[in-house]
Amino acid sequence: MAERTAPPPAAAETMVLNVGPQHPSTHGVLRLILELDGETIVRARPDVGYLHTGIEKSAEKLYYSQVIPLTDRIDYLAPLSNNLVYCLAVEKLLALEVPPRAQWMRVLLTELTRLNNHLVWLGTCALELGAMSVFLYCFREREEILKIFELVSGQRMMTSYFRIGGLAVEPPADFPRQVDRLLKMLPGRFDEYEDLLTENRIWLARTRGVGVLSPEDAIAWGITGPNLRASGIGLDLRKAEPYSSYEKFQFDVPVRPEGDVYARYLVRVAEMRQSVRIARQALDGLPAGPVRADAPGIVLPERDKMKTEMEALIYHFKLVVDGFAPPAGEVYAAVESPKGELGCFLVSDGSPRPWRMRWRPPSLLNVQVLSKLMPGHLFADAIAILASVDFVLGEVDR
Amino acid sequence: MTDWIARHPDLVFAVVKIVLCLFLLLTAVAYLTWFERKLIAHIQSRWGPHRVGPHGLLQPLADGLKNLFKEDIIPSGVTSRFVYLLAPFLAVSLSLLAVAVIPFGPESVEIWGARTGLYIADINIGLLFVLAVTSLGVYAVALAGWSSNSKYSLLGGLRSTAQMVSYEIALTLSVIGVLLLAGTLSLREIVEAQSGHWSGVVPRWFIFPQFVAFLCFFISGVAETNRAPFDLPEAETELVAGFHTEYSSMKFAMFFMAEYSHMIVTSLVASLLFFGGWLSPFPATEFWSITRYLPVVLAAALGGVLLLDVLRQRHWWHRVIMAAVGLGLLAVAGLLATQATLLALAQGPFWLLGKTAVFLFVFVWTRATLPRFRYDQLMAFGWKFLVPLAVLNIVVTSFLVAWRAG
Amino acid sequence: MTIPPELAARPVVEKLRAFNPRAVTAAEEFRGQLTLTVPPELIRDIAEFLRDSPELAFHLLTDITAVDRYPVEPRFEIIYFLRSMKSGERLRLKARVSGEQPRLESVVGLWPAADILECEVFDLFGVHFSGHPHLRRVLMPDDWQGHPLRKDYPVEGYR
């Protein structure tokens, strides 16, 4: 049986340093076992599992619609991306078409989610390198995004706003005005962060040439998302395999060839600007119409219909008590989450509960690649690399 | 008893000055933490401390009380209990010691008939003493890191030993330019060498001929105090808390006090060496003599603002505190305006502390703005940039001095 | 288990069968997603062929997971998710292994990404991967009894 204790040092001169699970810069409960020669890292091994909550197992005992609140808890910095990938998987299983208004809203909100995630990433990454003010500026802007989430879903972080077949509710009347205000504010704020960091000599010295990941290695280690694009491969599922009408939006995919921490920083900042651009298009072109598919027996009926129509009441009762049973089969849905390819693999046996739900976590692979990136670097660089790959332990351990 | 006092006036003055200096320095250290937290908070669009007292003014007191009453934990694995306990004492006492040779005003002033200097000790190697005592602080850090018997502490201790020893060299070399110009190691005489004005307007401060030296000195000074962007020994995101990871309660607070008083001493020395210390920047002519009332104006204005602020405070005791501080400042202003002796006495400390405050602001400002250096970059910067620059400055300065001497 | 003719004409299936006639035991397409069932003993060779074939170029291993079909035997389906970096095509490989001593050859040598993914399958399903450099529990504690994602493992755990 495998053991969790650290392997013996390779040479007598090295020191094993156990970073975490409680450490100021492990972004949660990651444990890193570092073998140091002086301050140089000889070997790094991430140890995960401290936040395992058995979400995949729990999902097997729930109706399809009851799984949605679990998905928020996986990547709690990008809850709506999780909601989206799960809903897309079930909708694919059901071959269910979602009305355009809901698709646009999903694009708008997942782009805000990406902004939320990248702001936290930028803030914490800057904090790890000692730039304390950027951290607080990023969290100030993130607060505005969380207010939007609260506006539409009543929750700041655990939104559970997307439903199978559309959205939970029509967004409130104030929503467009609030989002408009946010989108007008953000680009100027990005300029502020860039003023502080992009050409800062110390920032450049700390991030350039640090933690270089070649494109071949990135692919071999299963890296996707912004980290892959910072290594020179412009794979973005929003362009490559569009979902939720992404093909109707104009945006660029920022790519940097260097593959170092600085490239990851530049890619994410450029991505935030693109997200604002997509969100602006989604807001301005938000189509009218229903936000839920017309699929009785799968989508809950409108509240007032449920109170006035017998048929709706029966559907409501059946749906709440028995759930719905999609056809037997296996589907995989993937979205471009802020951290990379977020996938949901659903196996249905024709019963109202998923036989198996597999969550493809980008964070897990981002953590794994640390053991490749860290050796040869100084301890201080290890922290920069750790902060740059972007992971959230809820998603690593699920 | 009174006879004895009358027979030993110097001793009495020395004791009074030591007590006064320590009290002022420790208060300054406490309120420097408040100043730093408040300033950084406002830079980062936050409020900072604002619960304990008006504007959080009682926060340092609360922190002090908290640290005093916290459980005093000594980890069971410490390498040496004696060394472990010695380190914080060493840190704080050494950094407080340096203030003994700082002159706050001209050589001697007359206070109610007796003459004394505005310093605890005026030794002719004052600058050397300051450098020696502050650089001993590295022992405290190294010992703390070693004796904690923790890997984070050890790494922090190693880093700071290397850092402080390296930057000590750049610091000392950068001062030599000033020594060449002043021709003395006494801090008082260095300041006096800066009196007067070029063309009657520009003060003859050493900052102008020794600008490069000042840059080296200040950068090394920041590095010496382990402050951002050179705060590697305690880089919290890497080494948790560096060399003081295993320290808690008052022992932790003592390292903190050492760091802050070190900041104050560095700022004081920078003002003395390069910015004319207690000298007023204004020419000593009849027209400019009006500027001697600046302390009065400042105290009165600040008092007025604080009294206005009373109206904005919600709690009655916050109002009482603000009113008391405001009225106190107004009283000080009144005293200074009416007592010519006091006004003359206040001139030196006013200018010196004013200049020091500017440096302290810069200290805090850099911390809020800049990311942290990496260990090897820090060493490269020190050895490959600062030390050669300081040496070059010495060469150029000594050449010019020799040339001028003919 | 057969291969429908319209799937047999797919380049992936054709190339795989040209590589090894036994390589594909079944093929299925559901909602436009292709799943090939392959013999478990051939999984590493097939994966290597798919990765190194210049026309197919399945360079990206996005995921490895398992499905427990308990009480059906062979009970475990180990599923490999591949994505071609050339055509963007996605492919799922499925290897069925029995509940008695479930064992499969590791693909860590092909993709370092497989390291932690195989460990997770081992941890949660108890499927062994021979040739894995350091097969260990990753999510559950080291001294955990049982493999939680197996269908005969109760959701509430053993009390």
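Residue numbers start from 1 in every chain, and the chains themselves are labelled A, B, ... in the order their sequence lines are given, proteins ahead of strands.
Few gaps surround CD on A:Q66; more than 12 heavy atoms of other groups in view lie less than 6.0 Å from it. Summarising the local packing, CD of A:E247 is surrounded by more than 12 heavy atoms from other residues, nucleotides or ligands at distances under 6.0 Å.
A heavy-atom distance below 4.5 Å is not found between the side chains of A:R360 and C:L117. Contact annotation: the side chain of A:I219 never approaches that of C:W111 to less than 4.5 Å [non-hydrogen atoms, C-beta and beyond].
Residue contact with chain A, scored on non-hydrogen atoms closer than 4.5 Å, involves the backbone of C:D68 exclusively. If you measure heavy-atom distances from A:A59 to chain C, you find no contacts under 4.5 Å at all. The parts of C:P112 that come within reach of chain A are both its backbone and its side chain, each placing non-hydrogen atoms under 4.5 angstrom from that chain. When heavy atoms are compared at a cutoff of 4.5 Å, A:L94 approaches chain C solely by way of its backbone atoms N, CA, C and O. Residue A:K61 touches chain C through its side chain alone, counting heavy-atom pairs closer than 4.5 Å. Contacts of A:I233 with chain C are made by side-chain atoms alone, with heavy-atom separations under 4.5 Å and no backbone atom involved. Contacts between A:V396 and chain C at a heavy-atom distance below 4.5 Å involve the backbone alone (N, CA, C, O). Both the backbone and the side chain of A:V331 come within less than 4.5 Å of a heavy atom of chain C. Contact annotation for C:E77: only side-chain heavy atoms (C-beta onward) come within less than 4.5 Å of a heavy atom of chain A. Contact of C:L110 with chain A is not made at all, since no heavy-atom distance falls under 4.5 Å.
Side-chain atoms of A:K57 never come within 3.5 Å of backbone atoms of C:K151 as a donor-acceptor pair (strictly under, hydrogens ignored). Remark: side-chain polar atoms of A:E56 are not paired, donor with acceptor, to backbone N or O of C:L149 under 3.5 angstrom.
Between A:F345 and C:F81, the ring-plane angle classifies as perpendicular under the 30° and 60° cut-offs.
Among residues 55-65 of chain C, the residues having any heavy atom closer than 4.5 Å to a heavy atom of chain A are, in sequence order, C:H59, C:L60, C:L61, C:T62, C:D63, C:I64, C:T65.
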C:R90 vs A:E341, test: salt bridge (Lys or Arg N to Asp or Glu O under 4.0 Å). Steps then yes/no. CA-CA 13 Å; C:R90 281 180 190 271; A:E341 177 182 329; 3.0 Å; yes
Starting from the C-alpha separation in whole Å, work towards a yes-or-no answer on salt bridge (Lys or Arg N to Asp or Glu O under 4.0 Å) for A:R358 and C:E120. CA-CA 12 Å; A:R358 160 68 183 170; C:E120 197 180 317; 2.8 Å; yes
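Contact check on C:R83 versus A:E241 returns a salt bridge, with a Lys/Arg side-chain nitrogen under 4.0 Å from an Asp/Glu carboxylate oxygen. For A:E330 and C:R31, the salt-bridge test fails: no basic side-chain N is under 4.0 Å from an acidic carboxylate O.
In summary, of the residues considered (C:D123, C:L139, C:V138), a side chain to side chain contact (heavy atoms under 4.5 Å, CB included) with A:H52 occurs for C:L139 alone.
In terms of the side-chain hydrogen bond (donor to acceptor under 3.5 Å, both in side chains) criterion, A:S231 has no residue partners (sequence neighbours excluded).
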